Amino acid sequence: MAVCVAVIAKENYPLYIRSTLTENELKFHYMVHTSLDVVDEKISAMGKALVDQRELYLGLLYPTEDYKMFRKLHNSYTDVMCNPFYNPGDRIQSRAFDNMVTSMMIQVC
């Protein structure tokens, strides 16, 4: 299920990307950046014309039964953001966050 995890900054660039299979790492980086381009296009189209807000909805990005896994990821991300030594916008280099992502990926594989 979770073969790649990416954390995106509000400025639409990746802060953290981790994938399980190293031979497919470039493929996952490409997918993350392509997804960011889709979101960026939708947001820029909203600025040019009055677009219906419902059109910005991309759909459910994960199955609802996987909510606990994503909740764990969100809590770990919150811990990183609340660290007084972390500068928002910098690449995430937390060992605790990396270990949590690794354990999450091992559980699902």
Side-chain angles (χ1 to χ4, degrees):
M1 283 216 240
V3 292
C4 181
V5 173
V7 176
I8 310 303
K10 74 176 188 174
E11 291 84 15
N12 204 18
Y13 63 89
L15 294 173
Y16 180 89
I17 298 178
R18 176 79 187 262
S19 60
T20 56
L21 306 172
T22 55
E23 64 268 5
N24 291 333
E25 188 171 356
L26 185 59
K27 173 183 154 189
F28 291 123
H29 278 257
Y30 177 74
M31 291 170 77
V32 167
H33 287 281
T34 303
S35 300
L36 291 175
D37 290 343
V38 169
V39 171
D40 198 33
E41 286 176 12
K42 286 205 173 252
I43 291 172
S44 65
M46 188 175 117
K48 293 178 184 173
L50 293 175
V51 179
D52 189 9
Q53 290 289 354
R54 292 173 290 177
E55 192 173 322
L56 294 176
Y57 180 67
L58 297 175
L60 189 60
L61 299 178
Y62 61 90
T64 53
E65 57 269 2
D66 294 335
Y67 176 76
K68 287 183 182 178
M69 179 173 60
F70 288 100
R71 185 72 188 161
K72 188 176 176 183
L73 177 66
H74 182 264
N75 288 340
S76 185
Y77 175 74
T78 303
D79 290 342
V80 170
M81 292 296 120
C82 291
N83 183 343
F85 299 107
Y86 176 75
N87 293 323
D90 288 352
R91 185 174 164 87
I92 296 174
Q93 297 179 344
S94 166
R95 266 188 256 150
F97 184 79
D98 196 46
N99 290 337
M100 190 282 311
V101 170
T102 302
S103 71
M104 185 176 74
M105 290 178 148
I106 291 173
Q107 288 175 357
V108 238
C109 292

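A quick note: this is a predicted structure, and the numbers were derived from the prediction, not measured.
- The aromatic rings of His29 and His33 lie parallel to each other, with less than 30° between the two planes, well short of the 60° mark.
- The nearest pair of heavy atoms linking Ser76 to Ala96 is OG-O, 4.5 Å.
- Taken together through direct or relayed side-chain contacts under 4.5 Å among Ile, Leu, Val, Met, Phe, Trp and Tyr, Tyr86 and Phe97 form part of one hydrophobic cluster.
- With contacts defined as side-chain heavy-atom distances shorter than 4.5 Å, the pair Lys72/Met104 does not qualify.
- Using a 4.5 Å heavy-atom threshold, the side chains of Ser94 and Asn83 count as separate.
- Distance check, rounded to the nearest 0.5 Å: CE of Met31 to SG of Cys4 gives 8.0 Å.
- Met100 and Met81 fall within a single hydrophobic cluster, where Ile, Leu, Val, Met, Phe, Trp and Tyr are joined by side-chain heavy atoms under 4.5 Å apart, directly or via other members.
- More than 12 heavy-atom neighbours from other residues, nucleotides or ligands sit within 6.0 angstrom of OH on Tyr13.
- Using a 4.5 Å cut-off on side-chain heavy atoms (C-beta onward), Val5 and Leu73 make contact.
- Of all heavy-atom pairs spanning Gly89 and Leu15, the tightest one is O-CD2, 3.5 Å.
- Val32 and Val7 fall into different hydrophobic clusters, where Ile, Leu, Val, Met, Phe, Trp and Tyr residues are linked whenever their side-chain heavy atoms come under 4.5 Å apart, directly or through other members.
- The two atoms that bring Pro14 and Ile8 nearest to each other are CA-CD1, 4.0 Å, heavy atoms only.
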Worksheet entry | Test side-chain contact (heavy atoms from CB on, under 4.5 Å) applied to Tyr16 and Val101, step by step | CA-CA 11 Å; Tyr16 180 89; Val101 170; 3.8 Å; yes
